[in-house]
Amino acid sequence: MAQNSQATTGQASSPALTSSVVAAPTNTATTAAANQSSTTASDAATKQADVSGGSGSNTVTITNTSSQSETIGEFLNGGSTTQPVAEITLKPGETGTLSYANGQGGYMAKADSSGTFQSTASRLEFYADANGVNNTDVSYIDGRNASIKVSDDQGKTAGDTQSIAASAPEGTITRDSAGNATIAGWYDGSTSTMQAGGAYMEQQLGTGNAYIHPDDDQRATASNPMTMAQDKSQNYTASFGDA
């Protein structure tokens with residue numbers, strides 16, 4: 001599935017009977033603080049639950065494992081590669097969801113520090129057929145601006161959580177305005193930069209857990225990068241971290 005494309009109402013009560021019991025005074029400050037704390041916790045939970053985008057019965061739950069806020073967009077096959085159909089912004093450690101419908105395929109990718117989605121980004125690719133049979137994979141064919149790992153909650157994973165950009169060969173790295181790195185992808189191998197970037201990623205990551213080359217699922221590797229469960233019951237969870 002890997003692609004390379006360089007997107008009460010209350011009732012009245014009777015009068016109270018006279019009583020010698022005196023109610024304890026109410027500590028209004030403590031009550032107010034408790035109410036404020038409860039409201040803050042509730043607001044935080046609501047905010048967390050609202051970090052979602054897209055629509056459909058198929059969902060990927062994504063955690064930002066980097067040290068900065070990240071915007072992750074969803075792109076559909078045949079559509080724009082720069083304007084996502086949905087996006088979420090996650091603070092470090094925060095989790096959100098992106099959803100898609102049966103019959104839809106595409107990918108999820110991280111924007112650069114300016115909020116722009118580049119064609120050289122890492123991809124979490126997805127597809128669900130008309131019956132809801134689903135599969136995902138991770139692709140660094142076009143480049144790697146994030147480490148991506150995905151699980152189908154049935155014992156299988158794809159991708160990785162490693163940060164390898166710091167040791168990448170000179171000339172294979174580009175940086176956005178905040179200094180975040182992207183490693184050049186193999187793409188079609190037509191330039192020395194693509195070849196060097198692809199070779200470095202293959203050396204560091206192998207080709208069994210993510211696509212480095214377009215034909216990695218046809219190569220004689222120890223494992224196939226498309227090994228996720230393909231049925232209607234899986235629940236995908238993923239992480240986006242540093243490249």
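- In terms of heavy atoms, Ala86 sits closest to Gly53 at CB-C, 3.9 Å.
- In this structure a side-chain-to-backbone donor-acceptor pair under 3.5 Å is missing from Asn131 to Val133.
- When all heavy atoms are compared, the tightest approach of Ala196 to Thr172 is CB-CG2, 3.7 Å.
- The side-chain contact (heavy atoms from CB on, under 4.5 Å) test applied to Thr182 returns Thr120, Asn145, Thr174, not counting sequence neighbours.
- Counting only distance, with no hydrogens or angles, the side chain of Ser147 and the backbone of Ala243 share no donor-acceptor pair below 3.5 Å.
- The stretch residues 176-187 participates, sequence neighbours left out, in no salt bridge (charged side-chain N to carboxylate O under 4.0 Å, His left out) pair at all.
- Here Asn64 contributes atom CG and Leu90 contributes atom CG; the two are 5.5 Å apart, rounded to the nearest 0.5 Å.
- For the residue pair Asp242 and Ser66, the shortest heavy atom distance occurs at OD1-CB, 3.3 Å.
- Although no hydrogens or angles enter the test, the distance criterion places no donor-acceptor pair under 3.5 Å between the side chain of Asp137 and the main chain of Glu125.
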Q: Show your reasoning for whether side-chain contact (heavy atoms from CB on, under 4.5 Å) applies to Thr157 and Val150.
A: CA-CA 6 Å; Thr157 62; Val150 60; over 6 Å; no
Q: Kindly determine whether Thr59 and Ser99 satisfy side-chain hydrogen bond (donor to acceptor under 3.5 Å, both in side chains), including the steps that lead there.
A: CA-CA 4 Å; Thr59 299; Ser99 302; 3.0 Å; yes
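- By the 4.5 Å heavy-atom criterion applied to side chains, Ser239 and Ile148 are not counted as neighbours.
- For Phe240, the ring-ring contact (aromatic ring centres under 6.0 Å, His included) test picks out no residue, with sequence neighbours left out.
- Thr61 pairs by the side chain to side chain donor-acceptor pair (under 3.5 Å) definition with nothing, not counting sequence neighbours.
- For the salt bridge (charged side-chain N to carboxylate O under 4.0 Å, His left out) condition, no pair includes a residue of residues 51-64, sequence neighbours left out.
- Side-chain N/O atoms of Thr63 and Thr95 include a donor and acceptor closer than 3.5 Å.
- Across Val51 and Thr89, no two heavy atoms sit closer than the pair CG1-O, 3.9 Å.
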Q: Could you give me the CA-CA distance, side-chain angles and deciding distance for Asn235 and Thr237, then say whether side-chain contact (heavy atoms from CB on, under 4.5 Å) is met?
A: CA-CA 7 Å; Asn235 297 296; Thr237 57; 5.7 Å; no
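- Side-chain contact between Ser177 and Ser113 is present, with at least one heavy-atom pair separated by less than 4.5 Å.
- The shortest distance between side-chain heavy atoms of Ser122 and Ser139 does not fall below 4.5 Å.
- Evaluation of the side-chain contact (heavy atoms from CB on, under 4.5 Å) rule for Ala111 yields Thr71, Phe117 as partners, not counting sequence neighbours.
- Not one N or O on the side chain of Tyr236 forms a donor-acceptor pair closer than 3.5 Å with the backbone of Asp153.
- In this structure Gln162 satisfies the side-chain contact (heavy atoms from CB on, under 4.5 Å) test together with Arg144, Asp160, Ile164, Leu205, sequence neighbours excluded.
- The two atoms that bring Ala184 and Thr193 nearest to each other are CB-CG2, 3.7 Å, heavy atoms only.
- Residue pairs satisfying the salt bridge (charged side-chain N to carboxylate O under 4.0 Å, His left out) criterion with at least one member in residues 164-173, sequence neighbours excluded, are absent.
- Of the possible donor and acceptor atoms, one in the side chain of Glu94 sits under 3.5 Å from a partner among the backbone N and O of Lys91.
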**Q.** Full working for side-chain contact (heavy atoms from CB on, under 4.5 Å) between Val60 and Met108
**A.** CA-CA 10 Å; Val60 179; Met108 298 165 187; 3.8 Å; yes
Q: Assess whether side-chain contact (heavy atoms from CB on, under 4.5 Å) is satisfied between Val138 and Lys149, documenting all intermediate values.
A: CA-CA 7 Å; Val138 175; Lys149 186 171 184 178; over 6 Å; no
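- Partners of Thr116 by side chain to side chain donor-acceptor pair (under 3.5 Å), not counting sequence neighbours, listed by chain and number: Ser114.
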**Q.** Pair Asp112-Gln118, side-chain hydrogen bond (donor to acceptor under 3.5 Å, both in side chains): steps then yes or no
**A.** CA-CA 7 Å; Asp112 66 17; Gln118 305 287 354; 3.0 Å; yes
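- The side chain to side chain donor-acceptor pair (under 3.5 Å) search around Ser167 returns none, not counting sequence neighbours.
- Closest heavy-atom contact between Met194 and Trp186: CB-O, 3.4 Å.
- Side chain to side chain, Asn180 and Gln68 meet the donor-acceptor criterion of an N or O pair below 3.5 Å.
- Contacts of Asp215 classified as side chain to side chain donor-acceptor pair (under 3.5 Å), with partners at least two apart in sequence or in another chain: Arg219.
- Inter-residue side-chain proximity for Tyr211 and Arg123 is flagged as unmet; no heavy-atom pair is nearer than 4.5 Å.
- Every side-chain contact (heavy atoms from CB on, under 4.5 Å) that Asn58 has, sequence neighbours left out, goes to Tyr100, Asn102, Ala128, Asn134.
- Taking CD1 of Ile62 as the start and CD of Glu74 as the end, the distance is 8.5 Å to the nearest 0.5 Å.
- Contact annotation: the side chain of Gln234 never approaches that of Lys156 to less than 4.5 Å [non-hydrogen atoms, C-beta and beyond].
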